[in-house]
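Chain letters run A, B, ... following the sequence lines, proteins first, then strands; residues in each count from 1. From a predicted model like this one, the values you see are computed outputs, not experimental measurements. These numbers come from the heavy atoms of this one structure, side chains and all, not from hydrogens, waters or symmetry mates.
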Amino acid sequence: MLIERDPAASAEDVVARHGDDATRLLQMLRELQEGHGWLPPLVITELARRLGISRARVEGVAAFYSFLHLQPVGRYRVLFSDNITDRMQGSEALLEYLCSKLWVEKGKVSEDGLLSIDTTSCTGLCDQGPGLLVNGWAIPWISRERLDEIAELILKRRPVAEWPQHLFHIEDNIRRRDVLLDHDLAPGEAIRVSLARGRDTTGQRPTSARAWREAIPAASPGPVATLEEIKRSGLRGRGGAGFATGLKWEACRNAPGETHYVVCNADEGEPGTFKDRVLLSRYADLVFEGMTVCAYVLGGGRKRTHGFVYLRGEYRYLLEPLKACLMRRRRAGLLGRAICGEDGFDFDIDIHVGAGAYVCGEESALLESLEGKRGIPRNRPPYPVTHGYLGQPTVVNNVETFCAAALIAARGADWYRTRGTPKSTGTKLLSVSGDCERPGIYEYPFGVTVRQVLKDCGARDTQAVQVSGPSGTLIDASEFDRRIAFEDLPTAGAFMVFDANRDIFEVVRNFVHFFAHESCGFCTPCRVGTAMMRNVVDKIHAGRGAQLDLEEICKLQKVMSLAAHCGLGHTACNPMQDMLKRFKPAIQRRLKSLAFEPAFDLDAALARARAFTGRDDAGAHLPTQSETA
Amino acid sequence: MNTFQLDGEEIPFEPGQTVIQAALAAGHYIPHLCYHPEFVPHGSCRLCTVRADGRPTAACTLPAQPGLKVESETEELNDLRRTLVQMLFAEGNHFCPSCEKSGNCVLQALGYDLGVLTAGFRHFFLDRPVDASHPDILLDFNRCVLCKLCVRASEEVDGKGVFSLAGRGIQRRLIVSAESGRLADTDVAVTDKAVEVCPVGVILRKRVGFRVPIGRRRYDLRPIRAQALEDAPRRPEHRHE
Amino acid sequence: MSEGRIRIATASLAGCFGCHMSLLDIDERLFELIERVEFDRTPLTDIKHCGPCDIGLIEGGVCNAENVEVLRAFRRNCKILVAVGACAVTGGLPAQRNHLDIGACLQEVYLTEPSLSNGQIPNDPELPLPLDKVHPIHEVVKVDYFIPGCPPSADAIWKVLSDLIAGRTPRLTQGLIQYD
């Protein structure tokens, strides 16, 4: 541990280990924090000095990410996952239980500096929740018994690395398999088939460098043959937006640049989504295989290519297993120089770990973060395919997209098209959680109805399903015959089930808080709008809502959907909009009056003065009565 | 020369120009706050939101294209801009009567231009302590609109990096480059572009605040709609009017 | 009292009466005004309680419990409620205390300061208790119109009043909108 080490010396070590490369700033900050438990001012100063950048910039980056701390946060930092599914599994009471057990107030550091307890955005353990993170390490199935054990370990000051392994055991919960989860591809198979396809079509390799560069297909199939398979397969991005993968690869391939980058978006931050966690845990080879095929398509063994996996901080525990997989693939000749013996086909993959920022799932924010900056979405155009990582042509795809691409590269477009619908080919992994008997991962061909999924997962008396997470669509029972497909209900994978006993208002309030917490703060509509929206729903939650608050909600929705800088701001209102459209009574019955209610709790606003004057007479109180003028 | 349409009028543009640059150069005002003719567009305040071929987008980051149909002076967009200004007034602690920037302030001038009479929303009343540590410069964070102009100026023009933005969401804030967090401990100079460029009353030179009396200031003399056209690089035919 | 006159009430909450002074600055137009309106509660008439009115003008922010009660009485009684001046519109000068803890303020003033060394924090039920923050009036009641300014010019106040009296939607034209 670096805990006792001199901060300046530790900064020096870390900077040296990362080759004085400022694009690795976030990784340096993460490692320094793992050592010190927080980032002392001296560390920031030292980092800035060694990297030759302004101190304010380093501090600005550190202060952007939730898991980096510029103030001491205790030797043990316990963060309860705060998704609605965690709450439905009792996370709030469990958090209070641990707080009272360890005599610490939520959000504060204990007086002896031993620990702090707080909440964090969804940790992706919804099928085995509630979840929490201790110093960044994920623990599922939180119960009082588990908290007793954790409290004991904290009080004994046992380093987290020495905690019993059973605490950290995370299930896959794969409930339904289709072509992806049932694949029988050997590592390297998709790459070999792609290389062979390049040769086979015309029986010879492309002849000129120009043919490679300009992707002239007739004379030189090479990687173009595989690109054509991907295009013909109809594969669309699995991160939710559904852009045609083949077109993206082709645009990137055709863009001039010194290096072409392949980036795997493993920043699975959308609440209720955890299928990438399982893919990265059990199908890492397939992910890397897809990335390598992409590199082959982009570079064709002629142009320089490099890969990155951007792994969300919550999945920190996957870093070592993923690195081990990369090592295995290097040893097997599937990464590194002359992949599969193909001269000039050099490609390798680095893993960057995020630090708690949902917005980094947006591809251009992810690239900013990869470059060691704050994760703020870029102005577009230009798009990443032409100007991505370090301004170079870059493909950013979801984990699942790369898996599907590997399958297509190996088995062909025709095979893949046999699954799904004409507009949504292939299969989709759903992360099912909430009110059902069998939460977990379900792989379906596109076109499956919501009703079918509900039946398979053992959901009963279902009131609503949140498809694709807070930024997706909240549907009611009248829509359960709708289909999971780009042409009907597109999804990044989340499928949260709410039965008739759930209060949809509380579900939406949880999502509104989520967006306010995760807004990057760059643009006015989202920065201020998400915070205002949070204030309004809290006001209604506290029983002080009025009809006029609905007008304010509509006004905020309009501003955010019209003027926000990126998708986060545009979709931040979706849950509220869906509630007003489909579950209006859920919010209507919370409103106290038809007209107007004060913006704040009048009587509570006198509490402080009451305490200091010792008064409690009638005049020392204000009824927060309805205005009826 | 290529042209695009702005509210039905043909606007000529040169390659590489954005919609706002071409519009201002041709004498057409599009309200804006974080855009500054001397700096690379930022696109964060969203005041300059227009509809380009129907799609809402920031005019400051939108490259001009031949035949583009841009709407700006519509009731919908001016309503949006009013709401954005209201949101900024509710977010920060903007108390014009005590602010020495009053009359020179872009936020205030935009409020006048758009006819904003109240913030409307609930005020956040965030606690943003003032930094008076520097002998010649006062920092009043209460009025920050997070336009990043000082950050950009300090990095790009002054070559210093005195300022940066930190935090996320409503906690986003301006910071200075010093371990102490105090401006006095940075290498800022009163002559820095970063000090001059602040559009609101955050970065203030001490002891000169009232040299020009209230009532005779920049936007007292000329509303921002006219002043912005004055400040923008103009097309030659407009320059010698 | 004559029939058909428009009844107006005014009050200053946490304000300095500067806006009321500015109202008086409409000068000779006061004669026109007095022809058309009748004043209910206002510091000018010394009527203490607001009865049913057409227009209520509120100066000042909401700083204590009494402000809340006066404001609510105005909202109940006035068909149209207008926020007049920076303090009513934004919280204004009194809201500059909002970053301070009200408990610490009371302590500092009544217990710590040497001049009141044997003092205690006043607790007479007759005194209105301060709110922890000063708020603009639209956060406490629904407000129909706003006239910003510190104070708003006599012309701005007159424009809104004359519009309202004439039954028009008040519109402050440019030049009349001033925040300082």
Rounding to 0.5 Å, atoms CD (Glu139(C)) and CZ (Phe596(A)) come to a distance of 8.5 Å
(message) Does Glu105(A) have more than 12 heavy atoms from other residues, nucleotides or ligands lying within 6.0 Å of its CD?
(response) no
Smallest heavy-atom separation, Gly619(A) atom then Ala65(C) atom, equals O-CB, 4.3 Å
Rounded to the nearest 0.5 Å, the CG atom of Leu602(A) sits from the NE2 atom of His135(C) at a distance of 8.0 Å
Note: Pro122(C) and Thr613(A) closest approach over all heavy atoms is O-CG2, 3.5 Å
Residues Pro130(C) and Ala609(A): closest non-hydrogen pair is O-CB, 3.4 Å
Kindly check if the number of other-residue, nucleotide or ligand heavy atoms within 6.0 Å of CZ (Arg57(A)) is above 12?
-> no
For Arg72(C) and Pro598(A), the nearest pair of non-hydrogen atoms, with its separation, is NH2-CG, 4.1 Å
d(Asp132(C) CG, Phe600(A) CZ) to nearest 0.5 Å is 7.5 Å
What one should report as the nearest heavy-atom pair of Arg615(A) and Asn123(C) is CD-O, 3.2 Å
query: Got more than 12 heavy atoms from elsewhere within 6.0 Å of CD, Gln174(C)?
result: yes
CZ of Arg608(A) to CG of Asp101(C), rounded to nearest 0.5 Å, is 4.0 Å
Honestly, the part of Leu81(C) sitting under 4.5 Å from a heavy atom of chain A is neither
- Query: Are more than 12 heavy atoms from other residues, nucleotides or ligands located less than 6.0 Å from atom CD of Gln588(A)?
  - Reply: yes
Residues Leu606(A) and Leu129(C): closest non-hydrogen pair is CD2-O, 3.5 Å
